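Working notes, beginning with the structure itself.
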Amino acid sequence: MWLDPHRPRPFAFVSHGHADHFARHQRVLCSPGTGHILVKRYGVKASKIEALDWGEQRIINDHHITLHPAGHITGSAMIRIEGPDQSILYTGDFKTRSSHTAEIAEFPKSDILIMETTFGRPQFVFPPTDEIEKQISRFACETLEDGETPVFFAYSLGKAQEALAILHNAGIETVVHKTVFEMTQACREIKVDLPNPVLLEKNIPPGVAVIAPPNAVRARAIRSHKKRRTAMLSGWALTPGSQYRYQVDQVFPLSDHADYPGLLESVEKVSPSLVYTLHGSTREFARDLRAKGIEAWSIYGDDQLELLESASPEIPLKSELSRPTSDLRGLSELLESLTTTASRLKKIELLSIFLQDCNDEELPFVTRWLSGSGITHLGHVMIRQALLEVTGFPLAKYKTVSASQNDTARTARLLLEEAPLNPLAHSFKEVATHFDQLRTADGSIAKTQLFSCFLQQCHPAEGETMVRLLTGGLRAGAKEGLYEEAVAKAFNLSPSDIRYAAMLTGDLGEVAIAAKNKTLDQIQLRPGKPIKPMLASPSENTEDIIKWHDSKDIPLWLEPKYDGIRSQLHVTPNGAHLFSRDLRSLDNEFPEILEAARALPSCLLDGELIAYAEGKRLTFFDLQKRLGRKKIQGDLFLGAAIPVRFIAFDCLYAQKSLIDSPLEERRKALESLELLDPFTTIPLIRSNGTDIKALEREFKKAMSDDNEGLIAKNCLSSYQPGRRGQSWKKLKGVMPTLDCVVIAAQQGHGKRAGVLSDYTFAVRDKESGELRTLGKAYSGLTDNEIEDLTDHFQKTTIEKISRRVVKVEPTIVLEIAFDKIRPSKRHDSGLALRFPRIKAIRSDKSLDEIDTLQTAKKLV
DNA sequence: GATGTCTGCCC
DNA sequence: ATTCTGC
DNA sequence: GCAGAATGGGCAGACATC
């Protein structure tokens, strides 16, 4: 017998009539109420249903079976199975509070408790039910008094009937959406005390409230009704920002699940010796129970419980420290442990054991994945599409789950837990092949399809892991340095050696396998293999540079900062290669540079690609036209229209590796190459590092030569790949600013999903008197400022422009700094800013003190 | 075929 | 690109 | 000091829609 399986089974217990707990089984055991709902809702033949009354006993394979009310919705049941040695209680979904339509839950004592923990975190404490009900009726009354229509979104079976009862008791007339109508009738047929429902017709009559399922948000009858105020009834109302995520005017925490205290209370009543948790915050709740001395574990992935097949029920037992195996499943478990372990040393320990377990073929893959390379990323749209394809769920369902989770990977896990899957074991090699297929697949449709096929063969936990890997959001609390330490520990080498090798290759996978084979000393820098470029950190002004350099004796070298594309040129006897800042290959985009590079000896140059024609440097925007091209075409053939040059400023290899050599020496090597067009060497100013006047002069000159600024380098410093180190400094010009007014605000993503974090700003067109938009920005504000502004904009909202954007009264003046301003079709001012950011909230300025479009145009 | 929208990648 | 935040 | 998150404009490409 199966408990709430998602796939059709010969014989299954169905706890209640929600779709995610039901499939078309050959025989169903359930309560009489649920049986009736299954018949009405899914057209199940009555002959397939074996209804068991509350407390009535049935014997299956020597086990005594009884059903008990779960209080979740009408007819929802827990099942208690008593065997010769022990008893098990499976709760299905449940709630502890009383309600209008569900029976009062009972919690019979049992040895093993399998419970749902949808709201298994301490922050989930619902207010008293009568208080929520009062709020709901008040919302409805006030809306009606204002001549508008209150619209409640609630699941069509369960909460919709609760809402109907609440509104009925408050004397409010209500019409309901078709599915709500049908489910209400079904409940009335089994003697649930509910008013006769009135079906929602094409148009909403005045003076009534509406109840509709959440997926009817876009139903025509509701959308076309302009005078509406919407409310969502959901336990997730307690999560911050839920109002924005549901895109409704109000949320009320009316839930048909138990809240955190309810969950604890029910465990107490059952007084089990062992608890397994399902759904929602399973791990967190299990951990909390263990802290109270009750053995409790999250059931991982397999939430389709098969019982009574053999004499003793087999339930997968999980131990946090169990040694992971080397496949995707093992990786999932590893990530899980990493995420929940705070201790650095423990993480290194877990990782090193895991790495030791991998064979030679797998080791490089896994190490690469963990350290965040070797995987092409998929956008959230593609991932969403793949999930919808696998699960067959409607978009609305995805959105609901996604809104509650705020995390694509976690959303994937929850959706997959409800989907019909065909889990297979996946070796790392298969996973690597899949990543490869995704990388080479042409177009998002092909990628989506590939991925959905793969997901179909994953356990939900593995699906989550795949999404974490593919979105780059591993969030395992481990950074590159920690992975390096783990590799060192796994193969008994010093972390500094590992770190150095990793710096050389930029590929921890290669380092790991070399460490395992004790061939670390063979890892050397060589042309053809990209390494992470050394970066400069910003400085405020010339003084900062002098202070940073802090030496009379070491020369301070200055180079102009060109506005081009940072790239690495690798010349080998077999051909040349160009790499971007993120080590992406630029070979296809600049074939003529590679061709010309054949004349050079083997070397590795760091530099900047710039557009250059007729003896003049062109802008970044000209250069950008040559990026991302798949075909060389027409005018752009061989860069005829937009020729480029490679301006070298460093030489990392010439006959031997130079990255540990001082800049002086590298520069010598660079100059000895005697580069010819299209290659040149960047002009260099050898300054003495103490003369601030001279520095000032050079900076002004660099700016007047149309450069972005200066790069300052210590001439004795080595080349430090990646972001580590502080040996280069950049100094950019003072940004111009404009005072603009915010006219629209937009809801953010991720951790900013609950705030209006992004502001569209405008200047005044003196000719027409209108406000004209110039751009958007959030950067520059602290989280607190964003919160305050969110508050303000909520109060000054004029109208909703779209799901995520609201138009606001023009009250907030921002001082916006930017790099450049140029003509653009993006905004209605006809201008746009490059690198806009908020320099200050000018609460001292009013709307009529903002800058004008005419002023802005002068800065172009 | 023109237009609009999304994504990835450069800054 | 930039900025802020948490470690 | 550093990594990570969340965000800007603009381009080319890939699709969807009309």
Side-chain angles (χ1 to χ4, degrees), chain A residues 342 344 371-372 376-385 406-407 439 441-448 471-483 535-538 561-567 579-586 588-589 608-611 619-633 636 642 708-709 720 722-727 730 732 735 746-753 755 757-761 774-786 816-827 831-839:
Chain A
R344 242 182 88 85
S371 60
T376 33
H377 287 188
L378 286 196
H380 72 277
V381 172
M382 276 192 264
I383 289 179
R384 182 179 69 194
Q385 192 55 40
N406 212 354
D407 176 327
R439 186 172 50 78
D442 209 19
S444 53
I445 291 184
K447 284 181 207 252
T448 306
T471 52
L474 228 46
R475 296 198 203 157
K479 291 182 267 189
E480 218 175 338
L482 195 137
Y483 290 118
L535 302 170
S537 46
K561 187 178 188 310
Y562 286 157
D563 192 5
I565 295 167
R566 178 75 179 270
S567 44
F579 296 95
S580 74
R581 195 187 129 128
D582 291 330
L583 309 188
R584 197 179 66 89
S585 169
L586 294 173
N588 291 330
E589 280 116 312
E608 193 89 1
L609 278 170
I610 60 159
T619 67
F620 172 75
F621 298 98
D622 298 310
L623 179 60
Q624 204 179 14
K625 292 194 174 67
R626 295 211 36 193
L627 281 177
R629 284 187 179 270
K630 294 235 159 136
K631 288 177 229 150
I632 299 166
Q633 56 178 47
L636 289 164
I642 303 166
E708 279 198 301
Q720 289 155 284
R723 200 170 273 282
R724 286 179 208 138
Q726 279 279 308
S727 291
K730 63 180 164 188
K732 294 179 100 172
M735 298 283 178
Q746 188 176 339
Q747 179 197 355
H749 291 99
K751 66 179 179 185
R752 302 226 190 296
V755 285
S757 67
D758 193 339
Y759 312 117
T760 305
F761 48 80
L774 200 53
K776 300 202 301 174
Y778 107 94
S779 180
L781 294 181
T782 63
D783 288 357
N784 282 338
E785 288 172 319
I786 293 175
I816 306 287
F818 54 93
D819 171 64
K820 279 189 174 70
I821 182 165
R822 36 180 261 131
S824 158
K825 281 183 200 149
R826 182 176 285 255
H827 300 291
L831 297 171
L833 307 179
R834 191 188 192 201
F835 308 151
R837 56 220 187 257
I838 300 165
K839 211 161 167 221

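Proteins come first, then strands; the chains are lettered A, B, ... in the order of their sequence lines, and each starts at number 1. This structure is a prediction, so every number in the text was calculated from the model and none was measured.
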*A/Glu708 side chain: which of B/dC11, C/dT3, C/dT5 is closest?*
B/dC11

*Options D/dG9, C/dT2, B/dC10, nucleotide nearest the side-chain atoms of A/Lys730*: C/dT2

*Can you name the residues that form a side-chain contact (heavy atoms from CB on, under 4.5 Å) with A/Asp563, not counting sequence neighbours?*
A/Phe620, A/Glu708, A/Lys820, A/Arg834

_Under 4.0 Å, counting only non-hydrogen atoms across every strand here, what does A/Ile838 touch: a base, just sugar-phosphate, or nothing?_
nothing

*Return yes when atom NZ of A/Lys732 has more than 12 non-hydrogen atoms of other residues, nucleotides or ligands closer than 6.0 Å, and no otherwise.*
yes

*Find the distance A/Gln624:CD to D/dG13:C1' and express it as a whole number of Å.*
14 Å

*A/Arg629 has a side chain; which of D/dA12, C/dT2, B/dC10 sits nearest to it?*
D/dA12

*Any residue meeting salt bridge (Lys or Arg N to Asp or Glu O under 4.0 Å) with A/Asp783, in chain and number order, not counting sequence neighbours*: A/Arg752

*Does A/Arg837 make a side-chain N or O approach to OP1 or OP2 of C/dT3 shorter than 4.0 Å?*
yes

*Tell me: NZ of A/Lys839 to C1' of C/dT2, nearest whole Å?*
14 Å

_Side chain of A/Lys625 only, heavy atoms from C-beta on: which candidate in D/dA12, B/dC11, D/dG10 is closest?_
D/dA12

*Nearest-Å distance, CD (A/Gln385) to P (B/dT5)?*
18 Å

*asked:* I need the OH-P distance between A/Tyr778 and D/dA6, as an integer number of Å.
replied: 8 Å

*Nearest-angstrom distance from the residue atom CZ of A/Arg826 to P of D/dG10*: 5 Å

